[in-house]
Amino acid sequence: MLEGVLSGKTRVLDLAYALNDRLVPWPGDERWFEAKINASFEKDGFFTRHFWMLEHYGTHLDAPVHFAPGGSAVDQIPTQRLFGMAVVLDVRAEGAADADYLAPVRLLDEWEARHGAIPEGAIVLLRTGWASRWPDAARYRNQDALGKMHFPGFSVAAVERCIERKVSGIGCDTLSVDFGASQDFAVHRLALGSGLYHLENLSDLSALPEHGAWLVVAPIKLEGGSGGPARVFALLP
Ligand SMILES: [Zn+2]
């Protein structure tokens with residue numbers, strides 16, 4: 001597949017958003033991103049910037065230590081777990097009808113009936129269609145009058161199945177793998193507590209087949225990080 005990248009036989013999708021100060025932060029965050037010129041051609045003859053950002057901003061990875069004391073930090077995730085088959089669960093219709101939709105374990109049963117058992121090391125992605133709302137913060141967060149967000153997420157039972165199948169991670173095209181209205185972050189506790197990682201704010205997943213693509217997950221190697229910005233590539237056969 002990698003050989004085919006150069007010839008164009010293997011298509012590569014970039015599933016990360018470019019980082020800037022206009023993305024959608026978590027509600028309540030007061031600062032999220034800043035980039036400033038450090039050296040300029042005019043003054044220094046070359047160009048550099050420095051930047052500051054939250055670990056959980058834009059397309060990013062949640063490391064186990066984000067919710068599990070003693071869990072792996074972003075720089076400690078074994079490299080082989082950053083490469084895996086993409087298992088895509090499509091809930092665009094359900095999410096459009098019900099913004100509090102929780103993807104049930106039945107979706108994994110149905111996926112396995114069509115494609116066989118979810119392989120060890122897979123990365124299970126929830127395609128909600130929410131990327132079409134990005135980067136409109138109001139529509140993407142979809143908050144009600146009380147400030148509670150509404151977007152679909154994984155159910156606990158679905159994540160339990162993912163853990164049984166020994167997947168490496170789960171991901172979504174929304175702000176969180178827990179549904180927006182979650183108060184207890186049950187999926188965060190369960191998945192990160194079991195050593196999985198999360199990919200959040202993935203970009204448009206519509207070109208991904210539900211079976212057959214491979215993911216290359218490349219998070220920043222930030223020592224001790226609870227997570228961090230990640231470049232995520234999908235290789236399409
Ligand atoms: Zn996060």
Side-chain angles (χ1 to χ4, degrees), residues 15-34 51-77 81-82 84 86 89 102-103 123-128 130-131 133-135 137 140-143 147-156 158-159 162-163 167-205 215 217-232:
L15 300 180
Y17 294 117
L19 287 165
N20 60 48
D21 59 358
R22 302 179 305 280
L23 307 183
V24 184
W26 192 261
D29 285 335
E30 283 166 12
R31 277 178 81 205
W32 43 87
F33 180 92
E34 232 173 69
F51 71 95
W52 175 96
M53 67 178 287
L54 297 173
E55 290 177 336
H56 300 260
Y57 179 68
T59 306
H60 69 274
L61 181 144
D62 287 0
V65 75
H66 180 34
F67 268 70
S72 299
V74 67
D75 60 309
Q76 294 170 324
I77 296 171
R81 304 194 67 183
L82 300 174
L89 306 177
L102 288 173
I123 301 161
V124 179
L125 302 181
L126 195 62
R127 176 164 59 200
T128 70
W130 240 245
R133 300 166 178 243
W134 183 272
Y140 194 74
R141 291 172 174 162
N142 199 27
Q143 286 168 291
K148 193 185 273 189
M149 297 190 288
H150 298 278
F151 51 78
F154 285 90
S155 69
V156 165
V159 174
C162 291
I163 294 165
V167 309
S168 287
I170 59 176
C172 59
D173 55 358
T174 65
L175 262 179
S176 170
V177 291
D178 271 290
F179 76 134
S182 173
Q183 300 294 296
D184 59 1
F185 299 101
V187 167
H188 273 70
R189 287 177 205 291
L190 174 63
L192 299 176
S194 303
L196 274 58
Y197 59 78
H198 303 156
L199 302 172
E200 293 171 329
N201 296 324
L202 289 167
S203 67
D204 183 15
L205 302 175
L215 294 185
V217 178
I220 189 171
K221 196 165 181 179
L222 181 61
E223 193 171 305
S226 70
R231 198 75 182 262
V232 180

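None of the values given here were measured: they were computed from a predicted structure. Side chains included, hydrogens not; waters and symmetry mates left out as well; all remaining heavy atoms used. In each ligand, atom 1 is the first atom listed, and ligand 1 is the first ligand listed.
Distances shorter than 2.8 Å separate the Zn ion (ligand 1) from the protein N/O/S atoms His56 ND1, His60 NE2, Asp62 OD1, Glu200 OE1.
Of the candidates Leu175, Asp173, Val177, Val177 is the only one forming a side chain to side chain contact (heavy atoms under 4.5 Å, CB included) with Glu200.
Annotation: His66 is in aromatic contact with His56 [ring centroid separation under 6.0 Å].
Looking only at distances, a side-chain donor or acceptor of Arg189 sits under 3.5 Å from a matching main-chain atom of Asp184. Looking only at distances, no side-chain donor or acceptor of Tyr197 sits under 3.5 Å from a matching main-chain atom of Gly171.
Across Gly193 and Ala68, no two heavy atoms sit closer than the pair CA-CB, 3.9 Å.
Aromatic ring orientation, Phe185 versus Phe67: tilted (interplanar angle from 30° to 60°).
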